[in-house]
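On a predicted model such as this, the values are computed, not experimentally measured, just so you know.
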Amino acid sequence: MTVTRFAPSPNGPLHLGHAYSAIVAHDRAKHDGGEFLLRIEDIDGARSRSELRQEFREDLDWLQLQYREVAPQSARIASYRTAADELRAMGILYPCTCTRAEVAAAAVAHGPDGPLYPGTCLRRGPVPGPDVAWRLDMEQATLLAGPLEWTDERHGVQLARPELFGDVVLWRKDAPASYHLAATLDDAADGVTHVTRGVDLFQATHIHRLIQHLLGLPVPVWHHHPVLLEADGRKLAKRRDAPALADRRRAGEDGRAVAAEVRATLFDTGISLSDAIDQSA
């Protein structure tokens with residue numbers, strides 16, 4: 001059975017870009033007679049706002065999307081810790097005390113997520129104390145895994161290239177787990193067969209495919225859909241005060257009509273779709 005999911009973070013209200021992503025996932029599952037899941041990704045520290053969870057549910061109901069809600073990330077911490085312990089036991093996680101500013105200052109190259117970690121703490125050896133992040137030793141991990149592939153429904157078979165990201169953080173100082181580790185484990189636990197998400201996350205799939213191999217997780221199919229852009233060409237974002245679905249809902253707009261316009265790719269003035277994949281790294 002086809003299973004998709006919509007996994008918003010409660011650090012701001014949903015906007016039209018989220019509606020598009022949710023509708024793509026919902027319609028992909030319903031087309032196959034499958035199931036559409038709602039998962040709240042709520043481990044982003046103080047930025048997570050518990051009151052937004054109910055707003056998200058009401059927004060999806062307003063759009064007339066039928067879903068089943070699964071456990072939020074805050075209820076899954078033990079599984080993240082178990083996975084991190086397994087990777088440590090394999091000798092491919094190492095502790096790191098470097099700040100983002102230190103990484104940026106020392107980096108000599110950039111990847112999809114920004115400055116590549118120069119391996120400072122890997123060369124230095126074990127770091128004492130609890131206030132550390134844990135990084136994946138990418139060279140050792142990729143040697144252990146060997147060549148890997150993954151399939152995107154819209155872009156075909158891809159050779160996994162996790163080395164583009166360098167030694168990524170999988171266990172953070174300020175939160176239980178990174179997006180890469182948590183989302184990959186969650187999709188496996190929830191039985192997601194088709195990971196639908198924006199094309200801006202296309203490159204992240206290289207890392208997720210590696211994590212799946214290392215931890216013996218099932219491999220889904222991916223579907224990276226276009227993202228909505230503002231008039232200035234930047235991705236529609238709640239941090240730049242994109243109009244909230246909740247405001248439109250409370251103003252009395254017809255959610256079914258909004259969903260129909262989204263499906264027809266009819267957006268507000270100045271909003272457009274982009275299907276570009278950043279292959280610059």
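We find that Arg172 and Asp44 are joined by a salt bridge, their nearest charged nitrogen and carboxylate oxygen being less than 4.0 Å apart. Classification of Arg256 and Asp254 as a salt-bridged pair fails, no side-chain N sitting under 4.0 Å from a carboxylate O. Salt-bridge annotation for Arg5 and Asp190: absent, with no side-chain N of the basic residue lying under 4.0 Å from a carboxylate O of the acidic one. Salt-bridge annotation for Glu55 and Arg250: present, with a side-chain N of the basic residue lying under 4.0 Å from a carboxylate O of the acidic one. A salt bridge links Glu41 with Arg39: at least one charged nitrogen is closer than 4.0 Å to a carboxylate oxygen. The residues Asp42 and Arg49 are annotated as not salt-bridged, no charged nitrogen and carboxylate oxygen being separated by less than 4.0 angstrom.
Take Tyr80 and apply the ring-ring contact (aromatic ring centres under 6.0 Å, His included) test, not counting sequence neighbours, and it matches no residue. In this structure Tyr20 satisfies the ring-ring contact (aromatic ring centres under 6.0 Å, His included) test together with His225, sequence neighbours excluded.
Annotation: side chain of Gln73 is not in contact with side chain of Ile40 (no heavy-atom distance under 4.5 Å). For the pair Thr205/His224, a side-chain contact is recorded, criterion being any heavy-atom separation below 4.5 Å from C-beta on. The shortest side-chain heavy-atom distance between Leu228 and Lys235 does not fall under the 4.5 Å cut-off. Using a 4.5 Å heavy-atom threshold, the side chains of His194 and His223 count as separate.
Distance CD1/Ile277 to CD/Gln158: 6.5 Å, rounded to 0.5 Å.
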Show the atom names and distances, to 0.1 Å, of all donor-acceptor pairs under 3.5 Å that link a side chain in residues 86-95 to residues at least two apart or in another chain.
from  : atom 1 : to     : atom 2 : distance (Å)
Arg88 : NH2    : Asp85  : OD1    : 2.6
Tyr94 : OH     : Asp167 : OD2    : 2.6

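Within a 6.0 Å radius of CD in Glu139, other residues, nucleotides and ligands contribute 12 heavy atoms or fewer.
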*Show your working on ring-ring contact (aromatic ring centres under 6.0 Å, His included) between His155 and Trp222 and close with a plain yes or no.*
CA-CA 9 Å; His155 302 95; Trp222 283 265; over 10 Å; no
